[in-house]
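To start, I am sharing the structure in question, which I have written as structure tokens.
Computed over heavy atoms, backbone and side chain alike; hydrogens, waters and symmetry mates excluded.
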Amino acid sequence: MKQPPTFLKWLHPGLHIKRWVFLAFLGFFAFLVGTGVISQSHPPGTEPPLAIRIAKWIIERISSAPQHPWLRPPIIGAILTVCGALLCLIALGKLIYSLTSAIDPEMTPGDLVDIIYSRRKLAQGQRIVVVGGGTGLSTMLRGLKEYSSNIAAIVTVSDDGGSSGKLQKQLNILPPGDIRNCLVALADSEPQMTELFQYRFRNNVQPEKLDKPDRSNGEVSVAAAGSTGYGEGLRDHAFGNLLIAAMCAINGGDFEKAVRETSRVLNIRGRVLPSTVTPVRLRGEMEDGSFLDGETAIAHSPLKIRRVSVVPNNPCPIDEVIEVLESADVIVLGPGSVFTSIIPNLLVQGIPEAIQRSKSKKVNVCNVMTQPGESDGFSAFDHVKTIERHARRRVFDYVLVNTGQPSPDLMAKYRKTGSVLVEPDTDRIKAEGYRPIPGNFINQTDVVRHNSTLLAEAIMRLIK
């Protein structure tokens, strides 16, 4: 059966729309008649419009009636014009309310206006591309999404630990963990949906044994000691990882499409793109000349990392990655683990070249703290040179360097784990031809991290 035209569907019974459309038409017609009465004229030699003819008829009736000071044509015209305009405004308001209440009963017309204005403004924002992975990248995205929805996050797919590693081995899919974190960071959905995506299955506990939800790193989990647990089924899996894996299966193993569909579920501001859809494994050359395979093995080795590579060598990126890099207004590398989050993206064939070709502003966000087993003793300059050495070219011009100091108690806590504050040696960075942007970018809570708002403000100032 042939479907009726879209405009006729608006006339279906029960939509609560026709009455307000009719009222708007009536108000508009009254407005035209009123203006016609006021003007009392039309181009000579032409047939006047219906509204003008009605206006002339009203004028003739008024003229033949006993004169009254309040029944003069200009006054009648003004009354009709004002009443028509008011009817149009009332009908428009009622129509908007009818539509918003059908979509979301809790939404008000004022909320709808704010949402439309915000989305239109963000849609006109700068084209921002961020490259990296891990918690650092998702932290920065939370700040940038307040300035633009034209964001593309290019994320590494070399993670082989935790829930991502299990799904990679069991289902033969790309690791979804870093992708999930970026999706949640860009989400414009309800808070409960975000919590659901970050929920991590721990132990199977009775309701009376539930602890308070653990929201560290943005994840939500519930745990209790001594419970029976999930065994090797759901334990340690994040719900968002499982959903991406399910999306991948539904779409015939197409991981890129699975990420797009999951993005729609979360209604994210921007796009999240895997740097490659080729299954890759990170390989680290250690200080003693030995080689370790896998991100987890490399990061937990007591030996210092000399260089990392990916196996197979030079994997191909997806076409969209190259496109967004070449058309960007600003490209941001980091923050994140230098060897296991940032550099793996630069080992994908064509990505460093595309960044270098881009005419955008290019900035590296240097980490706040060193990472045990990965960047021990690294200064800001060491981070910069390590990235340049692996990319085999300069892929950024600006370096965002933190100069803020965490509290002494927090620093003592980090020293116990072997982590220290990254030295902001901006003079060495400047001597190499880079442009350092120093500032206090720390968000001091129970952990030392970048402040997403301060980072976003600094990056947006750089664009302007």
> Do you see a donor-acceptor pair shorter than 3.5 Å between the side chains of S337 and Q371?
Replying inline: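 On atom types as modelled, these side chains qualify, holding a pair under 3.5 Å.
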>> For G132, is there any backbone N or O sitting under 3.5 Å from a side-chain donor or acceptor partner on S341?
In response: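 No.
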>> Please find the pair of heavy atoms, one from K145 and one from A187, that lie closest to each other, and give the distance.
In response: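 K145 and A187 have their closest heavy atoms at NZ-O, 2.8 Å.
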> Is V332 close to M140 at the side-chain level, that is, under 4.5 Å between some pair of heavy atoms?
Replying inline: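 Side chain of M140 against side chain of V332, heavy atoms only: contact under 4.5 Å found.
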>> Nearest 0.5 Å, please: how far is CD1 in I351 from CG in N314?
In response: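 Answer for the CG-CD1 pair, N314 versus I351, is 11.0 Å.
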> Do you know which of N267, V259, V265 makes side-chain contact (heavy atoms from CB on, under 4.5 Å) with S263?
Replying inline: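 Of the listed residues N267, V259, V265, the side-chain contact (heavy atoms from CB on, under 4.5 Å) partner of S263 is V259.
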> Roughly how far apart are F339 CZ and H383 NE2, rounded to 0.5 Å?
Replying inline: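 Between F339 CZ and H383 NE2, I get 8.5 Å after rounding to 0.5 Å.
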>> Between R281 and E295, does the salt bridge (charged side-chain N to carboxylate O under 4.0 Å, His left out) criterion hold? Intermediate values first, please.
In response: CA-CA 8 Å; R281 184 174 72 255; E295 178 182 315; over 6 Å; no
>> Using a 3.5 Å distance criterion without hydrogens, assess whether the side chain of T386 forms a donor-acceptor pair with backbone atoms of D382.
In response: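 Pair found, side chain donor or acceptor close to backbone of D382.
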>> For a quick test of reading the model, state the closest non-hydrogen atom pair linking A328 to S358 and the distance between them.
In response: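 Heavy atoms of A328 and S358 come nearest at O-OG, 4.2 Å.
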> Going by heavy atoms in the side chains, are L144 and L455 under 4.5 Å from each other?
Replying inline: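 No; the side chains remain at least 4.5 Å from each other.
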>> Quiz question: by atom type and distance under 3.5 Å, do the side chains of R127 and N150 form a donor-acceptor pair?
In response: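 Per modelled atom types, R127 and N150 side chains form no pair under 3.5 Å.
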> Can you check whether F396 reaches E388 side chain to side chain, under 4.5 Å on heavy atoms?
Replying inline: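 When only atoms from C-beta onward are counted, E388 and F396 do not touch, as no gap falls below 4.5 Å.
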> Between S163 and D236, do the side chains contain an N or O donor and an N or O acceptor separated by less than 3.5 Å?
Replying inline: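 No - no donor-acceptor pair under 3.5 Å links their side chains.
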>> Using modelled atom types and a 3.5 Å cut-off, is there a donor and acceptor pairing between side-chain atoms of S360 and backbone atoms of K362?
In response: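 It does not hold such a pair.
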> Can you list the steps and then say if M369 with V448 is a side-chain contact (heavy atoms from CB on, under 4.5 Å)?
Replying inline: CA-CA 8 Å; M369 305 293 293; V448 180; 4.0 Å; yes
>> Go through it in stages, so that I can follow the logic: the residues are L292 and L282, the test is side-chain contact (heavy atoms from CB on, under 4.5 Å), and I'd like the CA-CA distance, side-chain angles, deciding distance and then a yes or no.
In response: CA-CA 8 Å; L292 291 176; L282 201 62; over 6 Å; no
>> Does the structure place the NZ or CZ of R394 under 6.0 Å from the centre of the six-membered ring of Y434, at an angle of no more than 45° from the ring's axis?
In response: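 Yes, R394 sits over the ring of Y434.
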> Between D160 and T296, is any side-chain donor less than 3.5 angstrom from a side-chain acceptor?
Replying inline: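 D160 vs T296: donor-acceptor pair found between side chains.
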> Does E261 pair with K257 as a salt bridge, N-O distance under 4.0 Å?
Replying inline: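 Judged by the 4.0 Å cut-off on N to carboxylate O distance, E261 and K257 do not form a salt bridge.
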>> What I want to check is whether the side chains of D425 and S379 have a donor and an acceptor closer together than 3.5 Å.
In response: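 Looking only at side-chain atoms, S379 and D425 do form a donor-acceptor pair, the distance falling under 3.5 Å.
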>> Under the criterion side chain to side chain donor-acceptor pair (under 3.5 Å), I'd like the reasoning laid out for D409 against S407: C-alpha separation, chi angles, the key distance, then a yes or no.
In response: CA-CA 6 Å; D409 291 341; S407 66; 5.6 Å; no
> Got V324 and L273 here, is their nearest side-chain heavy-atom distance under 4.5 Å?
Replying inline: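 The answer is yes, as the side chains (C-beta and beyond) meet within the 4.5 Å cut-off.
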> Does any N or O in the side chain of N364 come within less than 3.5 Å of the main-chain N or O of L333, such that one atom is a donor and the other an acceptor?
Replying inline: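 Checking the backbone N and O of L333 against the side chain of N364, a donor-acceptor pair under 3.5 Å is found.
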>> Assess whether a salt bridge exists between D293 and R283, defined as any Lys/Arg side-chain N lying under 4.0 Å from an Asp/Glu carboxylate O.
In response: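 Counted as a salt bridge, because a side-chain N and a carboxylate O are separated by less than 4.0 Å.
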> Between atom CG of L347 and atom NE2 of H390, what is the distance when rounded to the nearest 0.5 Å?
Replying inline: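 The NE2 atom of H390 is 6.5 Å from CG of L347, to the nearest 0.5 Å.
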> Of the non-hydrogen atoms in S275 and V348, which two are nearest, and what is the gap between them?
Replying inline: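 Shortest heavy-atom contact: O-CG1, 3.8 Å.
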> Which atom pair, heavy atoms only, marks the closest approach of V321 to P274?
Replying inline: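 Where V321 meets P274 most closely, the heavy atoms are CG2-O, 3.6 Å.
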>> What I want to find out is whether E287 reaches R306 closely enough, with some N-O distance under 4.0 Å, to be called a salt bridge.
In response: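 Looking at E287 and R306, the cut-off is not met.
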>> Quick check: closest heavy atoms across R235 and K166, and the distance to 0.1 Å?
In response: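 What the structure gives for the nearest pair is O-NZ, 3.4 Å.
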>> Once rounded to the nearest 0.5 Å, what's the spacing between atom NE2 of H450 and atom CG of L400?
In response: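 So the gap between those two atoms works out to 7.0 Å.
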> When you measure from the side chain of N251 to the backbone N and O of D254, does any donor-acceptor pair fall under 3.5 Å?
Replying inline: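 No; zero donor-acceptor contacts below 3.5 Å.
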>> N181 vs Q198, test: side chain to side chain donor-acceptor pair (under 3.5 Å). Steps then yes/no.
In response: CA-CA 8 Å; N181 283 328; Q198 292 291 67; 3.2 Å; yes
> Is the shortest side-chain N to carboxylate O distance from K359 to E326 below 4.0 Å?
Replying inline: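 Salt bridge flag = no for E326 with K359.
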> Are the charged groups of K430 and D427 less than 4.0 angstrom apart, N to O?
Replying inline: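 Looking at K430 and D427, the cut-off is not met.
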> Atom CG in L266, atom CG in L243: separation rounded to 0.5 Å?
Replying inline: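 So the CG of L266 and the CG of L243 are separated by 8.0 Å.
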> Donor-acceptor pair, T262 side chain versus I244 backbone, under 3.5 Å?
Replying inline: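 No, because the side chain of T262 does not come within donor-acceptor range (under 3.5 Å) of the backbone of I244.
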>> Between the side chains of R271 and E320, is the shortest nitrogen-to-carboxylate-oxygen separation below 4.0 Å, so that they form an ion pair?
In response: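 The answer is yes: the pair qualifies as a salt bridge.
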> Is there a side-chain contact between I322 and P317, using heavy atoms and a 4.5 Å cut-off?
Replying inline: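 Answer yes - side chains close enough.
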>> Would you say that I387 contacts V338 through its side chain, given a criterion of any heavy-atom pair below 4.5 Å between the two side chains?
In response: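 Side chain of I387 against side chain of V338, heavy atoms only: contact under 4.5 Å found.
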>> Does atom CZ (R435) have a neighbourhood of more than 12 heavy atoms from anything else shown, all under 6.0 Å?
In response: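 Result for CZ/R435: open.
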>> Quick one: does any side-chain atom of R428 pair with a main-chain N or O of T426 as donor and acceptor, under 3.5 Å?
In response: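 No: the side chain of R428 does not pair with the backbone of T426.
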> Under the side-chain contact (heavy atoms from CB on, under 4.5 Å) criterion, do Q356 and V395 qualify, and how do the steps go?
Replying inline: CA-CA 6 Å; Q356 190 176 49; V395 288; 5.5 Å; no
>> Any non-hydrogen side-chain atom of V130 less than 4.5 Å from a side-chain atom of L137?
In response: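 In contact.
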>> Using side-chain heavy atoms (C-beta onward) and a distance below 4.5 Å, is I331 in contact with V363?
In response: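 With C-beta onward as the side chain, the pair stays apart.
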> What's the verdict on side chain to side chain donor-acceptor pair (under 3.5 Å) for S158 and T156, showing C-alpha distance, side-chain angles and the deciding distance?
Replying inline: CA-CA 6 Å; S158 59; T156 180; 3.1 Å; yes
> Donor-acceptor pair, T139 side chain versus T135 backbone, under 3.5 Å?
Replying inline: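 Present.
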>> Set out, in order, the CA-CA distance, both residues' side-chain angles and the distance that settles side-chain contact (heavy atoms from CB on, under 4.5 Å) for V184 and F197, then state yes or no.
In response: CA-CA 7 Å; V184 171; F197 249 69; 3.8 Å; yes
> Is there a donor-acceptor pair closer than 3.5 Å between any side-chain N or O of S148 and the backbone N or O of Q126?
Replying inline: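 Indeed, once roles are kept as given, a pair shorter than 3.5 Å links the two residues.
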>> Using the ring pair (Phe, Tyr, Trp, His ring centres under 6.0 Å) criterion, which residues pair with Y398? Sequence neighbours excluded.
In response: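 For Y398 there are no ring pair (Phe, Tyr, Trp, His ring centres under 6.0 Å) partners, ignoring immediate neighbours.
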> Once you round to the nearest 0.5 Å, how far does CZ of R449 lie from CG of N367?
Replying inline: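 Taking CZ in R449 and CG in N367, the distance rounds to 12.5 Å.
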> Near D319 CG, under 6.0 Å, is it more than 12 heavy atoms from other residues, nucleotides or ligands?
Replying inline: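 Not buried by this count: 12 neighbours or fewer within 6.0 Å.
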>> For N402 versus V368, what's the shortest heavy-atom pair and its separation?
In response: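 In terms of heavy atoms, the two residues are closest at ND2-CG1, 3.9 Å.
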>> What I want to find out is whether K304 reaches E374 closely enough, with some N-O distance under 4.0 Å, to be called a salt bridge.
In response: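 Salt bridge flag = no for E374 with K304.
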